[in-house]
Amino acid sequence: MEDTFEAKGKRKKLVADLRKKGIFDEEVLRAIDTVPRHLFMDPAFLSHAYVDKAFPISSGQTISQPYTVAVQTSLLRVKKRDKILEIGTGSGYQAAILAQMGAKVYTIERFRELFLKAQIILTSLGYSADFFYGDGYVGKPQYGPFDGILITAAAPLIPEALLSQLKIGGRLVVPVGTSDSQVMTVVERTGPESYEHTEHGNFIFVPMLKGTVNGR
Ligand code: SAH
């Protein structure tokens, strides 16, 4: 599978749609314009790759809606060479967006199948990231502290263990709430023991669950 002229055209239209929906971070829009989302999709949904919707991937999970990826990535305020921890690798699309923006990406997935698949696709596209099969609730303290932590699954509460893995000035972006609806929450570490919370609208994600699934 390759990038195509047609897919490039559809991405331009998607970026225009995202601008209309209020996404203004040019670096984020450039990354969405560049990363071939169709290569991360289940073949059954290939023709929908540039529709602004979430779609099923394997293991009963989803590739996030492009608008959601754009909001979360904008809220992270990614700068080149930032160390970013992503919880919920899924298809690997969000990790590719972060890598495209020049971040050093660490990403954790609890489904072994997805963890394996995402590495193949990112490597074939020439993106580098550190992939981990494990439970994101624990984070990756040995690789921290991070400039940003991005959770791409719905957490019932803010996962406290992750807060201490942020640099001072670092930001955790996490959808917090019930399975029906979550509030996009940013927690900024403002000092060794101080954190500031802000809220950024309602979203729906697959749940953040404990433990791992080997699936064989
Ligand atoms: N960022 C992904 C979105 C995938 S959906 C993408 O761009 O495609 C969310 C993912 O979070 C799912 O793959 C799910 O298995 C994973 N997940 C849920 N709870 C987790 C946890 N505790 N640790 C790691 N991954 C988790």
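Hydrogens, waters and symmetry mates are skipped; everything else that's a heavy atom, side chains included, is used. Atoms within each ligand, like the ligands themselves, are counted from 1 in listed order.
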Indicate, with yes or no, if the rings of Tyr143 and Phe132 have centres closer together than 6.0 Å. yes

Indicate yes or no: at least one non-hydrogen side-chain atom of Thr185 is less than 4.5 angstrom from one of Thr198. no

Suppose we screen for side chain to side chain contact (heavy atoms under 4.5 Å, CB included). Which residues come up paired with Arg11, at least two apart in sequence or across chains? Asp3, Ala7, Lys8, Asp33, Pro36, His38, Tyr50

Quick one: list whatever passes ring-ring contact (aromatic ring centres under 6.0 Å, His included) with Phe55, sequence neighbours left out. Phe45, His48

Go through the steps to decide whether Arg19 and Glu26 satisfy the test salt bridge (charged side-chain N to carboxylate O under 4.0 Å, His left out), and finish with yes or no. CA-CA 10 Å; Arg19 277 187 209 281; Glu26 290 300 324; 2.7 Å; yes

Short N or O contacts of ligand 1 with protein, under 3.5 Å, listed by atom name?
from: ligand 1; atom 1: 1 (N); to: Glu86; atom 2: OE2; distance (Å): 2.9
from: ligand 1; atom 1: 1 (N); to: Gly88; atom 2: O; distance (Å): 2.9
from: ligand 1; atom 1: 1 (N); to: Thr152; atom 2: OG1; distance (Å): 3.1
from: ligand 1; atom 1: 7 (O); to: Gln94; atom 2: N; distance (Å): 3.1
from: ligand 1; atom 1: 8 (O); to: Ser91; atom 2: N; distance (Å): 3.1
from: ligand 1; atom 1: 8 (O); to: Ser91; atom 2: OG; distance (Å): 2.6
from: ligand 1; atom 1: 13 (O); to: Glu109; atom 2: OE1; distance (Å): 2.8
from: ligand 1; atom 1: 13 (O); to: Glu109; atom 2: OE2; distance (Å): 3.3
from: ligand 1; atom 1: 15 (O); to: Glu109; atom 2: OE2; distance (Å): 2.6
from: ligand 1; atom 1: 19 (N); to: Leu209; atom 2: N; distance (Å): 3.0
from: ligand 1; atom 1: 22 (N); to: Asp135; atom 2: OD1; distance (Å): 3.0
from: ligand 1; atom 1: 22 (N); to: Leu209; atom 2: O; distance (Å): 2.6
from: ligand 1; atom 1: 23 (N); to: Gly136; atom 2: N; distance (Å): 2.8
from: ligand 1; atom 1: 25 (N); to: Arg110; atom 2: N; distance (Å): 3.4

By ring-ring contact (aromatic ring centres under 6.0 Å, His included), Phe115 pairs with (sequence neighbours left out) Tyr133

